[in-house]
Amino acid sequence: MKNVIEIEHLSKSFSEVKAVDDLSFRVKEGELFAFLGVNGAGKSTTISIMCGQLSKDSGNVKIGGADLDKELDNVRRNLGVVFQNSVLDKKLSVIDNLECRSALYGIKKSKFKSRLDELAELLDFGNLMNRTVGKLSGGQRRRIDIARALIHQPKILILDEPTTGLDPQTRKLLWDAVTQMRKDNNMTVFLTTHYMEEAADADYVVILDSGKIAAEGTPLMLKNTYTGDYITLYDVNENDVKNLGLPFVNINGSYRISVPDTASATELIIKNPELFKDYEIIKGKMDDVFLSVTGKNLTGGAAK
Amino acid sequence: MKQLKAIIKRNIKLYFKDKALFFTSLITPMILLVLYSTFLGKTYENSFRFSLEAAGASASDKLINGCVAAQLISSLLAVICVTVAFTSNMLMVQDKITGAKSDLIMTSVKNRTLAIGYFVANLFSTLIVCGAAAVVGLVYMYISGWYMTFSDVMFLLLDVILLSLFGSALSSIINFFVSSNGQMSAVGTIISAGYGFICGAYMPISQFSEGLQKFISFLPGTYATSLIRNHTMRGVFEKMSNLNFPKEVIEGIKDSVDCNLYFFEERVSISSMFIILIVSIAVLLAIYISMGALLKRKVKS
């Protein structure tokens with residue numbers, strides 16, 4: 001797979017603060033790429049630079065093969081952006097908003113209509129066309145935001161915290177639509193999120209801390225490197241668990257034991273077969289990875 | 001061209017659908033008209049009567065009222081063409097605050113196209129409101145005392161168009177640097193309160209100190225006010241002349257209401273006023289368009 005985003009030695013400072021500090025990473029075509037970090041880690045600064053809305057101090061940015069410094073228009077044409085907050089015109093209707101953006105991309109009216117039908121079906125907003133954007137619910141507005149980002153069929157979709165504040169049903173609908181788009185068009189998705197379960201589905205994850213990459217890899221690699229496994233034991237007494245000499249917590253009568261890795265878990269089970277009759281082994285979560293890497297919890301964007 | 005059309009259409013739709021923005025623009029001329037006719041009308045009337053009596057002349061109520069109405073309406077139009085342009089151009093600032101401008105830029109629309117789009121839409125909205133105010137003003141003058149000819153009315157409309165162009169270009173440049181609600185409100189307050197004075201609409205420039213008069217003579221808005229005043233009052237002065245008012249009296253009134261303007265003792269002709277206004281519009285527009293290009297270069301660097 002070829003790289004669709006290439007960032008090399010990117011730096012950006014605001015006075016004394018280094019928002020992005022010698023950042024380098026690549027995103028492959030068709031990948032779901034998760035870009036994680038607490039607020040102020042440098043995610044939004046990086047996205048603003050990628051979109052050509054903020055100048056960089058140094059470094060190179062290539063998007064869809066186009067150099068940001070030389071081919072800004074091509075870079076922008078390759079990108080569809082869902083901003084953190086809806087940036088559509090709240091006083092205008094859904095169709096007016098989408099028609100205007102479409103015309104600004106130079107899309108012809110007939111092509112716009114067929115594209116609008118496709119998106120309305122995919123994102124289920126056919127009944128909202130004539131509604132004023134400002135009067136839509138958060139979930140409805142998010143669907144229109146995504147439709148706007150996809151109106152010109154970009155190669156890369158940037159989702160900047162797209163599901164924050166949405167109900168689970170709407171989150172599922174949005175992710176189903178994005179998954180469908182990726183499958184049908186081999187579209188690359190560049191995601192920033194505070195929901196670690198969304199990041200867990202990514203093909204590749206970069207964790208940013210103070211403008212630098214603190215960790216990167218596939219979710220599995222990160223879990224294997226930065227967290228252990230958990231074995232949850234049922235129908236055992238606490239003394240038997242204590243005798244194993246490993247850290248554990250009592251969760252409603254069951255016991256969750258922490259082990260360094262899956263091999264250690266296997267070894268433990270083989271050594272104590274009488275204890276392991278009813279159990280489950282799970283890997284650490286992305287929350288644990290994030291906590292281990294940055295020393296911070298990522299909950300609603302605030303470092304804790 | 002398609003992009004420009006789309007951005008103009010969007011901006012005009014937003015202006016008329018944003019009730020707060022639309023009514024704020026509309027309410028300014030209405031408030032000014034009520035304030036002028038209620039408070040300033042009597043002052044102007046007394047002033048005219050006093051001037052005429054002092055010169056040993058007398059005029060009918062109709063002529064006095066026509067003269068007062070012409071001065072009031074010229075002041076009103078001179079102010080609102082600029083203040084309404086500033087109010088309706090708040091859309092440009094709102095787009096920065098809401099992030100809509102970032103979204104528009106992502107479509108790879110040229111900064112120049114975006115800038116022209118804001119300008120044209122703003123001009124259109126300003127012309128709608130100021131055109132309506134001009135019609136109301138003409139009706140008011142007709143009721144008070146009508147002395148205008150068809151060509152006066154046409155010239156008055158031309159003045160409104162030119163001053164709206166001037167106001168739109170000036171507001172576009174100033175709003176280019178405005179990016180928060182606080183700044184937006186400050187600009188609105190300064191323009192509403194200050195422009196009427198420095199353009200000679202609230203108070204004739206002839207009543208200012210000499211130094212201030214010299215300073216104001218460098219501002220193009222002053223000549224726009226004078227143009228409007230000349231075209232609304234020309235018929236009144238012609239009537240005075242027909243009634244054999246002394247020429248000195250008529251010229252005295254013209255001086256006192258800024259129909260005659262002087263640049264370092266040199267009287268500025270009507271045609272020169274037009275040239276000053278048109279050149280100012282061209283210069284302001286050139287600055288505004290090039291500012292958009294400079295911004296693009298800054299982001300690229």
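Naming convention: chains lettered A, B, ... in sequence-line order (proteins, then strands); numbering from 1 in each chain.
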**Student:** Are any side-chain N or O atoms of B:Asn122 and backbone N or O atoms of B:Asn89, one a donor and one an acceptor, separated by less than 3.5 Å?
**Tutor:**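 Yes: the side chain of B:Asn122 pairs with the backbone of B:Asn89.
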
**Student:** Where does B:Thr98 contact chain A at under 4.5 Å (heavy atoms): side chain, backbone, both or neither?
**Tutor:**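 The answer is the backbone of B:Thr98.
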
**Student:** Do you know which of B:Asp95, B:Asp18, B:Ile7, B:Val109 has the most heavy-atom pairs under 4.5 Å to chain A?
**Tutor:** B:Asp18

**Student:** Within 45° of the axis and under 6.0 Å from the centre of the six-membered ring of A:Tyr105, does NZ or CZ of A:Arg77 qualify?
**Tutor:** no

**Student:** What do you reckon, is NZ of B:Lys9 surrounded by more than 12 foreign heavy atoms closer than 6.0 Å?
**Tutor:** no

**Student:** Relative to chain B, which of A:Leu104, A:Asn97, A:Ile151 shows the most heavy atom pairs under 4.5 Å?
**Tutor:** A:Leu104

**Student:** Do A:Thr192 and A:Asp160 have a side chain donor and acceptor closer than 3.5 Å?
**Tutor:**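 The criterion, which ignores hydrogens and geometry beyond distance, is satisfied for A:Asp160 and A:Thr192.
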
**Student:** Can you give me the closest heavy-atom contact between B:Tyr15 and B:Ser88, atom names plus distance?
**Tutor:** CE1-CB, 3.2 Å

**Student:** Please determine, by modelled atom types, if B:Asn175 and B:Tyr118 share a side-chain donor-acceptor pair under 3.5 angstrom.
**Tutor:** no

**Student:** Between B:Leu4, B:Asp103, B:Leu104, B:Leu14, which shows the greatest number of heavy-atom pairs under 4.5 Å with chain A?
**Tutor:**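 It is B:Asp103.
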
**Student:** Given a strict heavy-atom distance threshold of 4.5 Å, which part of A:Ile107 is in contact with chain B: side chain, backbone, both, or neither?
**Tutor:** backbone

**Student:** At a heavy-atom separation under 4.5 Å, does A:Leu88 approach chain B through its side chain, its backbone, both, or neither?
**Tutor:** side chain

**Student:** Under 4.5 Å, counting heavy-atom pairs only, tell me which of B:Gln94, B:Gln3, B:Lys5, B:Met106 racks up the most with chain A.
**Tutor:** B:Met106

**Student:** Count the heavy atoms belonging to other residues, nucleotides or ligands that lie under 6.0 Å from NZ of A:Lys12, then report whether that count exceeds 12.
**Tutor:** yes

**Student:** Do other residues, nucleotides or ligands put more than 12 heavy atoms under 6.0 Å from B:Lys96 NZ?
**Tutor:**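 Atom NZ in B:Lys96 is packed in, count exceeds 12.
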
**Student:** Show the nearest heavy-atom pair for residues B:Ala100 and A:Asp89, with the distance to one decimal.
**Tutor:** CB-OD1, 3.9 Å

**Student:** Which residue out of A:Leu79, A:Val81, A:Asn85, A:Asp96 racks up the most heavy-atom pairs below 4.5 Å with chain B?
**Tutor:** A:Asp96

**Student:** Considering only heavy atoms, give the residues of residues 115-146 of chain A separated from chain B by less than 4.5 Å, sorted numerically, with 'none' for an empty result.
**Tutor:**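 None at all.
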
**Student:** Is it the case that more than 12 heavy atoms not belonging to A:Lys90 sit under 6.0 Å from its NZ atom?
**Tutor:**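 Atom NZ in A:Lys90 is crowded, with more than 12 foreign heavy atoms closer than 6.0 Å.
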
